[in-house]
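First comes the structure, then the notes that go with it.
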There are 2 protein chains.
Amino acid sequence: MDTSSTKPRRSARTPDRILDVAQRLMQTRGYNGFSYADVAAEIGVRKASLHHHFSTKAALGAAVIARYTARIAEALAEIDAGEPDAAARLVRYTRLYTGVLTQGRLCLGAMLAAEIGTLPQPMQAAVRKFFQANLAWLEAVIERGRSTGALAPQGTDAEAARVLLCGLEGAMLIARPLKDIKGFRVTARALLAGLGRRG
Amino acid sequence: MDTSSTKPRRSARTPDRILDVAQRLMQTRGYNGFSYADVAAEIGVRKASLHHHFSTKAALGAAVIARYTARIAEALAEIDAGEPDAAARLVRYTRLYTGVLTQGRLCLGAMLAAEIGTLPQPMQAAVRKFFQANLAWLEAVIERGRSTGALAPQGTDAEAARVLLCGLEGAMLIARPLKDIKGFRVTARALLAGLGRRG
DNA sequence: GTCTATACAGCGATAGAC
DNA sequence: GTCTATCGCTGTATAGAC
């Protein structure tokens with residue numbers, strides 16, 4: 001999932017800059033691994049100023065995941081609009097992940113999934129929504145691919161969607177400790193191959 | 001990965017009890033999500049006493065991941081000793097994951113992988129070693145399965161090993177926010193099916 | 001909208017008595 | 001090996017001036 005920001009121009013409004021920095025820190029260090037002090041230092045304001053825009057850390061976290069999910073939805077809609085072929089749609093989907101990983105980031109959903117038990121309740125619900133949206137889109141694409149003959153996965157559409165989502169999120173998760181982005185690309189390709197005609 | 005403890009009997013020595021509690025907290029809340037105070041309260045001692053056994057939190061964290069990796073190695077050796085068939089070995093491997101998940105825990109490796117950028121350097125290296133050990137074992141099992149005809153995965157043995165590892169870790173990661181352990185089981189089964197004869 | 005100043009809780013860690 | 005006591009720091013959050 002890219003969508004780190006459409007254009008991280010310095011002239012962005014302060015709330016957006018806060019969201020950008022908070023999102024990057026959440027994707028690299030986790031929700032429990034960053035503080036208002038980190039964000040403030042990077043934006044160039046004082047901690048207290050952040051509270052004017054996002055009253056609590058929980059509110060900031062919720063805003064970040066909400067924007068992230070919305071941007072993913074936009075990205076998926078763009079893929080649908082630009083790619084008629086199901087297999088090509090999935091390739092573009094995996095490229096979203098590659099984009100994030102090459103920035104040294106983890107998918108925000110994956111990071112928050114790991115921390116799920118420590119998150120404020122609204123964020124927990126948002127994480128769940130995020131994965132459900134991804135699964136729903138993938139399932140629809142796979143269904144389409146099966147009907148046109150572009151894809152022939154084993155098992156149900158829902159199962160194939162989940163295998164792909166879990167495989168990509170897991171590959172991203174593991175790529176960073178292994179310091180092996182190339183391995184992620186290979187794994188992503190193998191996952192797509194598994195959905196192919198001979199799958 | 002189970003190995004939460006061979007026997008969590010209450011009469012265990014204090015260092016072991018500390019390790020047990022710390023491990024469970026690390027698997028449920030993450031390294032950045034628990035404190036000495038949490039462990040001390042649960043063990044029934046004071047924070048200062050923990051420092052007598054593990055001088056720093058980093059040392060405690062390193063001890064937990066080292067023990068975890070060693071126990072996994074034991075579990076894999078047991079599988080090798082007890083199961084000649086490659087496919088059956090993989091089934092037992094996935095059961096290790098199911099055991100952890102049904103305890104409400106995440107694989108320790110997966111949790112620490114998410115937090116990797118915030119961990120003390122020795123822990124980062126240990127996480128990497130953990131995944132390398134898992135991949136090496138899986139690759140050997142898959143190679144054996146291919147040679148006996150029990151398995152016929154697409155791609156190389158290394159690719160198939162990585163797809164399985166990433167798929168299982170990712171499925172575990174996502175199962176908790178989705179509150180869907182059943183979905184994990186289905187996904188694990190689908191991943192194994194993908195390595196089968198028609199794969 | 002940003003600042004200074006501050007409150008207050010929690011953190012990891014240490015000293016020294018028992 | 002465990003305790004009490006405490007240190008220094010960082011965390012989130014608030015009050016009120018500018």
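Just so we're on the same page: letters track the sequence lines, and every chain starts at 1.
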State which of D:dT12, C:dG12, C:dG1 makes the closest approach to the side chain of A:H53. C:dG1
To the nearest Å, give me how far apart NE2 (B:H51) and C1' (D:dC3) are. 14 Å
Is the shortest heavy-atom distance from the side chain of A:D20 to the side chain of A:R67 under 4.5 Å? yes
Which pairs with one or both residues in residues 27-48 of chain A pass salt bridge (charged side-chain N to carboxylate O under 4.0 Å, His left out), sequence neighbours excluded? A:R24-A:E42
In short, side-chain hydrogen bond (donor to acceptor under 3.5 Å, both in side chains) pairs touching residues 176-195 of chain A with sequence neighbours left out are A:D180-B:R162
Roughly, in whole Å, what's the span from CG in A:L50 to P in D:dT14? 13 Å
Any non-hydrogen side-chain atom of B:L108 less than 4.5 Å from a side-chain atom of B:F130? no
By a strict heavy-atom criterion of less than 4.0 Å, which residues belonging to residues 111-120 of chain B are in contact with DNA chain C? none
Whole-Å distance separating the OH atom of B:Y31 from the C1' atom of C:dC11: 12 Å
B:I18 has an atom CD1; how far is it from atom C1' of D:dG1, in whole Å? 10 Å
Ring pair (Phe, Tyr, Trp, His ring centres under 6.0 Å) against B:Y36, all qualifying residues, sequence neighbours excluded: B:H51
Quick check on D:dG1: is either OP1 or OP2 less than 4.0 Å from any side-chain nitrogen or oxygen of B:H52? yes
With side chains defined as the heavy atoms from C-beta onward, is the minimum distance between A:E169 and A:L165 less than 4.5 Å? yes
Can you pull out the residues from residues 35-49 of chain B that lie within a 4.0 Å heavy-atom distance of DNA chain C? B:S35, B:Y36, B:A37, B:K47, B:A48
Side chains of A:I79 and A:W137, heavy atoms from C-beta outward: is any pair under 4.5 Å? yes
Residue-phosphate contact under 4.0 Å: A:T56 side-chain N/O, D:dT14 OP1/OP2: no
Separation of D:dT2 P from B:F54 CZ (nearest whole Å): 12 Å
Answer yes or no: is there a side-chain heavy-atom contact under 4.5 Å between A:R92 and A:E83? yes
Can you list everything that forms a salt bridge (charged side-chain N to carboxylate O under 4.0 Å, His left out) with A:R146? Sequence neighbours excluded, please. A:D157
Given D:dT14, is OP1 or OP2 found less than 4.0 Å from the side-chain N or O atoms of A:S55? no
Could you state the atom-to-atom distance from NZ of B:K57 to P of D:dT10 in whole Å? 16 Å
Please state how far atom CZ in B:F34 lies from atom C1' in C:dG12, giving the value in whole angstrom units. 11 Å
